[in-house]
*Asks:* 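This is the structure, below, for whatever I ask next.
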Amino acid sequence: MSSAGNIYNVSSDLSLQGFDLSPEKAIVAFVFAALNYIIILFCNSFLLFTVITNKGLHEPMYILLLNLPINDLIGSTCLFPHVMRELLFDTRTMPFSICITQAFFIHVYAVSVVFILTAMAYDRYVAICQPMRYTTIMSKPHLTKIISLVWLSNLTLMAILFILLLRLPRCRSYLAHPYCDNPSLLQLVCADMTINNLYGLLITALCQVLTVGLILYSYLRILIACFRNKSSDTRSKALQTCGTHLVVFVLFECLGLFTIISYRIKDISPHLRKFIAVGAMILPPTINPVIYGLRTKEIRVKGIKFLKRKVFTS
């Protein structure tokens with residue numbers, strides 16, 4: 001059979017690396033994953049309902065914040081059902097079409113996090129550094145444009161990334177990763193990947209330079225404005241809000257950096273690589289609603305009232 005024939009004679013089902021756990025450990029891991037998924041669904045849904053059902057929270061900062069739990073639900077739903085199915089049934093195969101879909105939305109999730117946090121940093125910059133113009137700048141039409149830009153630019157960048165991937169022929173069907181993403185799918189390709197690699201590096205550099213640059217600039221200006229402000233209450237509230245955003249951003253960036261490094265280091269333990277890859281997808285959706293729910297006073301107060309009204313008085 002010719003090499004060209006071999007390239008296209010590949011099963012439509014992919015084999016994934018899996019977790020290599022004993023049946024007992026797999027059951028424990030399944031229970032942990034299921035509980036974690038339930039916590040993510042509950043906490044992020046609760047954050048969504050709290051903001052949506054309270055008119056007092058219908059402000060630009062909280063409307064932008066709404067996008068974070070929506071994105072966390074997308075990211076966790078791409079991963080957890082697949083992981084739980086594998087742990088429960090020891091199934092390590094996945095149709096190529098489902099793998100591509102999972103990879104697409106995982107990348108959408110990852111890019112959306114930094115785009116949303118950048119938009120939130122811009123909102124805080126305008127609120128603290130230009131308070132007299134805040135309502136004019138962050139008007140509903142402008143806010144709609146910001147949210148549309150966050151999602152449409154992300155979807156466009158990821159669509160191009162996966163169109164470039166799908167044009168390439170595959171000659172392998174074993175995925176050395178616990179879930180599907182662009183770098184692991186490129187390892188299945190037996191063709192020139194120069195364009196894919198260049199585009200991947202370009203959007204990674206562009207997104208990181210723009211988002212990190214804008215976030216650092218915004219919070220530096222906010223920090224300067226806070227120290228110039230004579231009101232200790234205003235300064236404390238501003239620093240607390242911005243501190244919450246920075247904690248979420250730094251956590252996600254560190255997890256993303258560890259994941260990228262784990263791809264580049266060939267001698268790293270496969271178990272450690274899998275732990276880092278899955279941890280990067282699990283921790284942010286679990287921690288984000290807790291951080292914003294506990295550290296943002298307005299959400300915490302409204303959330304407690306919402307619980308009392310819907311649960312304790314029913």
Side-chain angles (χ1 to χ4, degrees), residues 14 16-21 26 28-45 47 67-88 91-92 94 98-117 154-155 157-158 161-162 175-187 200 204 207-208 211 247-265 268-292:
L14 301 180
L16 278 72
Q17 190 176 49
F19 295 97
D20 298 321
L21 299 174
V28 173
F30 170 80
V31 172
F32 173 79
L35 289 174
N36 201 345
Y37 188 41
I38 291 169
I39 290 169
I40 288 172
L41 291 177
F42 173 77
C43 291
N44 283 283
S45 298
L47 184 58
N67 292 270
L68 209 54
I70 291 170
N71 190 50
D72 284 342
L73 290 172
I74 291 171
S76 57
T77 302
C78 284
L79 179 70
F80 273 94
H82 159 69
V83 170
M84 289 189 293
R85 173 175 167 267
E86 181 188 321
L87 290 170
L88 191 60
T91 306
R92 301 188 183 185
M94 179 184 289
I98 294 178
C99 186
I100 285 290
T101 304
Q102 183 190 54
F104 176 79
F105 282 106
I106 281 175
H107 282 269
V108 166
Y109 158 76
V111 176
S112 290
V113 172
V114 290
F115 280 11
I116 292 166
L117 291 174
N154 182 8
L155 290 171
L157 290 172
M158 293 306 105
L161 181 71
F162 282 88
L175 204 69
H177 206 59
Y179 57 81
C180 301
D181 59 7
N182 183 62
S184 58
L185 284 168
L186 282 175
Q187 294 174 4
T204 301
C207 291
Q208 286 296 308
T211 57
V247 167
V248 173
F249 177 73
V250 171
L251 172 67
F252 184 80
E253 285 292 313
C254 288
L255 289 170
L257 180 62
F258 291 152
T259 305
I260 293 170
I261 291 173
S262 72
Y263 272 114
R264 298 290 181 259
I265 301 174
I268 193 172
S269 164
H271 295 291
L272 180 59
R273 183 181 285 115
K274 284 183 280 189
F275 177 79
I276 292 171
V278 174
M281 292 293 299
I282 289 176
L283 284 176
T286 306
I287 294 174
N288 287 351
V290 177
I291 291 175
Y292 281 104

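All of these numbers come straight from a predicted model, not from anything done at the bench. Residue numbers run from 1 in the order of the sequence given. What's counted below: heavy atoms across the whole structure, side chains too, no hydrogens, waters or symmetry copies.
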*Asks:* Just verifying a value: how many Å separate F105 CZ and S112 OG, rounded to the nearest 0.5 Å?
*Replies:*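 Here the interatomic distance stands at 10.5 Å.
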*Asks:* Looking at side-chain heavy atoms only, is the closest gap between N288 and L47 below 4.5 Å?
*Replies:*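 Heavy-atom side-chain distance check fails, nothing below 4.5 Å.
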*Asks:* So how far is it from I38 CD1 to F80 CZ, rounded to the nearest 0.5 Å?
*Replies:*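 If we round to the nearest 0.5 Å, I38:CD1 and F80:CZ are 10.5 Å apart.
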*Asks:* Looking only at the side chains, is there a donor atom on one of Y109 and S76 sitting less than 3.5 Å from an acceptor on the other?
*Replies:*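 No - no donor-acceptor pair under 3.5 Å links their side chains.
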*Asks:* Do you know the tightest heavy-atom contact between V111 and M158?
*Replies:*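 Scanning both residues completely, I find the closest heavy atoms to be CG2-CE, 3.8 Å.
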*Asks:* Do L117 and T211 have side-chain heavy atoms sitting under 4.5 Å apart?
*Replies:*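 Answer no - side chains too far apart.
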*Asks:* Would C207 and F115 satisfy side-chain contact (heavy atoms from CB on, under 4.5 Å), going step by step from the backbone distance to the final call?
*Replies:* CA-CA 8 Å; C207 291; F115 280 11; 3.8 Å; yes
*Asks:* Enter the distance from I70:CD1 to N44:CG here, rounded to the nearest 0.5 Å.
*Replies:*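 So the gap between those two atoms works out to 10.0 Å.
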*Asks:* Are more than 12 heavy atoms, taken from residues, nucleotides or ligands other than F162, located less than 6.0 Å from that residue's CZ atom?
*Replies:*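 Enclosed.
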*Asks:* Show the nearest heavy-atom pair for residues P289 and P284, with the distance to one decimal.
*Replies:*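 Heavy atoms of P289 and P284 come nearest at CD-O, 4.3 Å.
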*Asks:* So which atom in G200 and which in T204 form the shortest heavy-atom distance, rounded to 0.1 Å?
*Replies:*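 Closest approach of G200 to T204, heavy atoms only: O-OG1, 2.7 Å.
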*Asks:* For the side chain of N154 and the backbone of V108, is there at least one donor-acceptor N/O pair under 3.5 Å apart?
*Replies:*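 Checked: pair present.
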*Asks:* Hey, does I282 have a side-chain heavy atom less than 4.5 Å from the side chain of T286?
*Replies:*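 A side-chain contact under 4.5 Å exists here.
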*Asks:* List the steps, then state whether side-chain contact (heavy atoms from CB on, under 4.5 Å) holds for E253 with V114.
*Replies:* CA-CA 8 Å; E253 285 292 313; V114 290; 3.2 Å; yes
*Asks:* At what distance, to the nearest 0.5 angstrom, does CG of L79 lie from CE of M281?
*Replies:*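 If I round to the nearest 0.5 Å, the distance is 5.0 Å.
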*Asks:* If you round to the nearest 0.5 Å, how far is OG1 of T77 from NE2 of H82?
*Replies:*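 Spacing of NE2 (H82) from OG1 (T77) equals 14.0 Å.
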*Asks:* Just so I know, are the side chains of C99 and L185 near enough to count as touching, which here means a heavy-atom distance under 4.5 Å?
*Replies:*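 They are in side-chain contact.
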*Asks:* When rounded to the nearest 0.5 angstrom, what is the spacing between CD in Q102 and CG in D181?
*Replies:*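 One finds 8.5 Å between CD of Q102 and CG of D181.
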*Asks:* Any idea which heavy atoms bring M84 and A34 closest together, and the distance?
*Replies:*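 So the minimum-distance heavy-atom pair works out to SD-CA, 3.4 Å.
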*Asks:* For the residue pair Y37 and P81, establish whether any side-chain heavy-atom pair is separated by less than 4.5 Å.
*Replies:*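 Yes; the side chains approach each other to less than 4.5 Å.
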*Asks:* I want to check something: taking the side chain as every heavy atom from C-beta on, are Y179 and V83 in contact at a cut-off of under 4.5 Å?
*Replies:*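 Heavy-atom side-chain distance check fails, nothing below 4.5 Å.
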*Asks:* Would a 4.5 Å heavy-atom cut-off, applied to side chains only, mark T101 and C180 as touching?
*Replies:*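 Result no, sub-4.5 Å side-chain heavy-atom pair not found.
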